[in-house]
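Reading through the structure tokens given below for one structure.
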Amino acid sequence: MGTITLEQSRANVNLSSRTTFWKSLKYQLKEAFFPDDPFRQMSDHPPTPLRRTWSFLSYFFPVLEWAPKYKLTLFASDLLAGITIASLAIPQGISYAKLANVPPIIGLYSSFVPPLVYAVFGSSNNLAVGPVAAASLLLASSIRGKVSPEEQPELYLHTVFTAAFFTGLLQLIFGIFRLGILVDFLSRSTITGFMGGTATIIILQQFKGLLGLQHFTNKTDIVTVLHAVLANRREVGDLKKGLNPISISQLQLKSPYISVAMKAGLISGFIALAEGIAVGRSLALLKNEQTDGNKEMIAFGIMNIAGSFTSCYLTTGPFSKSAVNYHAGCKTPMSNVVMAVCIMLVLLWLTPLFKYTPLVALAAIIVVAMLGLIELHEMKHLFKVDKFDFCVCMAAFFGVVFVNMEAGLLLSVGLSIIRALLHVARPTTCKLGKVTGTELYRDLEHYPDSTTIPGVLILQLGSPIYFANANYLRERITRWVEAEGNICKEKGQDLQYIVFDMGGVAAIDNTGIGMLLEVHRMLGKKEIQVALTNPRLRVVEKLVAANFIDVLGKEWVFLSISDAVSGCRFALRQADNQDELQV
């Protein structure tokens, strides 16, 4: 009987498959920008030009998906929901306009045109469109440093319209080029902290203005404070009738106001975009529905551009109004159309009636809405689950409260980016052992009862392996080898094999391959053989192209850790037999 070789003792890893550069590039671009394959539904239709054209248009105009199937029973639900959110949109619009330091009528304008645009381009059945408190306050704080709303009210208002235009432009570009990954840098912890801090600032402002505390000292008695509260009967003032006037010619596209508007629009638009998408997704999950984030960005972008042309300021999907829309039983975006029609009727005939609305009532509306944004339960959850996420949340919260909104946002986003870089620059590498009674190999720290293989070190490498972490991985592997070598010497053995589990390594670059070559040479000098298990296709292609597989030897690439351990044991037996023959 012939001698069985190492390569014949286990299943072979496919090392011959190659993907062309253009095919690989196409795949990477598709996964980066089109992971959801937005046009996959076209393949389900008969290959007729009309059906394909209709499917293509339906993707960009979601109204074409639900409108042809719309029924009277659905309209009954949307009618009730639309009237309900319209009743909320009126006081909220006036209140949030005050936060943005723009005339109250602008808040009503912003609940008329943008909802109509969203009904055509939006993909969420639950979102109710309108201005939001956080973006309103951020917009005001970003602009008033350069343009005073008290001294230059008309110029300030025009700058606000211009900021809405740049907000829409930013959101539209994000949607067209599918750059939602940039919005993902605003993690849940960042949004929670930022919204909580903003809500705290707004509540303090409302109470300060409501109670007139800026005129009192610490010695002011409670009777004086109560008297001031009872005597505070300021009203909204005149609201002129009529629909939105065109404001295209009022956009400030010249220096120095264009830079102010651009900065304010980009920062506040980024926050508004993240809030709107998060609200839409949260409500969709409750109905087991899905929303397309890229469609939402396009819808937000178009509605804010259209709004900037029609005397509206920044709008998105506020949580409070959207939650009311959901609980009122909305079925489709038609509820936004109903709301817009109701606001139109108010603008045409009823606005003079809101002249006598007390500012105390508007302040109360803002305070109630803001209390819901201070999510103490979410902060407690973050502290319990992930301390770093909690720190990110607190950085946003205290940065907003004690510095300013931009500082709180930048600080929390900066911490999130640092954390992401640390995950990539310090990928987790662990030593594996065999779980007793199975063929599974798991992290020894997680499963301390697992057994190790004498003379064999099994390491699981993190991903990716590239220039930013190559030195760290080389040093980490060296420490593992030294530690395992000492353990083997204590048992009177030698470390002879090291197995790298590559199953989790999704990508590797030239620097990473160079690191593996250095490690192979370093271990070779110590007479330690390297083996690889389960490398992924695109990793294998690069290892083959760089001749690393030739240096290593194809027989030392295995399908699984069990195969690799069996191969190491087989090689040990072969070596022992050779020694016996020589003796």
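Quick note: residue numbers are just sequence positions, from 1. Bear in mind that the values here come from a model prediction, so they are computed numbers and not experimental data.
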query: Hey, are E65 and K295 close enough for a salt bridge, meaning a charged N less than 4.0 Å from a carboxylate O?
result: yes
task: Answer yes when K434 and E439 have at least one side-chain N-carboxylate O distance shorter than 4.0 Å, and no when they do not.
output: yes
Ignoring hydrogens and geometry, is there a side-chain-to-backbone donor-acceptor pair from [X] to [Y] under 3.5 Å?
X    : Y    : answer
N404 : A407 : yes
S463 : A506 : yes
S141 : L138 : yes
N469 : P427 : no
K542 : I508 : yes
Q171 : I298 : no
D494 : K489 : no
K387 : F383 : yes

field: For F300, the option from T167, I305, L127, L314 that meets side chain to side chain contact (heavy atoms under 4.5 Å, CB included)
entry: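 With F300 as partner, T167, I305, L127, L314 yield a single side chain to side chain contact (heavy atoms under 4.5 Å, CB included), made by L127.
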query: Out of I453, I458, V456, I498, which one pairs with C568 under the side chain to side chain contact (heavy atoms under 4.5 Å, CB included) rule?
result: V456
Full working for side-chain hydrogen bond (donor to acceptor under 3.5 Å, both in side chains) between E296 and S124: CA-CA 8 Å; E296 291 296 278; S124 173; 4.9 Å; no
Do [X] and [Y] have side-chain heavy atoms sitting under 4.5 Å apart?
X    : Y    : value
E275 : M195 : yes
I513 : I465 : no
L559 : T533 : no
P333 : V63  : no
S560 : D563 : yes
N125 : Y326 : no
S189 : F390 : no

query: Any chance NE2 of H446 has more than 12 other-residue heavy atoms, nucleotides or ligands included, within less than 6.0 Å?
result: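 At most 12 heavy atoms, drawn from other residues, nucleotides or ligands, come within 6.0 Å of this atom.
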query: Do you know which of K491, K431, R479 makes salt bridge (Lys or Arg N to Asp or Glu O under 4.0 Å) with E484?
result: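 Testing each of K491, K431, R479 against E484, the sole residue satisfying salt bridge (Lys or Arg N to Asp or Glu O under 4.0 Å) is K431.
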field: The single option from R419, R188, K384 passing salt bridge (Lys or Arg N to Asp or Glu O under 4.0 Å) against D389
entry: R419
statement: When rounded to the nearest 0.5 Å, the distance separating CD of E518 from CZ of R474 is 4.5 Å
- request: Measure the acute angle between the ring planes of F548 and H520, then classify it against the limits of 30° and 60° as parallel, tilted or perpendicular.
  value: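 The rings of F548 and H520 stand perpendicular, inter-plane angle above 60°.
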query: Relative to the ring of F558, is the ring of W556 parallel (under 30°), tilted (30 to 60°) or perpendicular (over 60°)?
result: perpendicular
query: So D443 and Q460, side-chain hydrogen bond (donor to acceptor under 3.5 Å, both in side chains) or not? Walk me through it.
result: CA-CA 8 Å; D443 184 0; Q460 185 178 68; over 6 Å; no
query: Run the ring-ring contact (aromatic ring centres under 6.0 Å, His included) check on F121 and F61 step by step: do they pass?
result: CA-CA 5 Å; F121 295 96; F61 300 91; 5.3 Å; yes
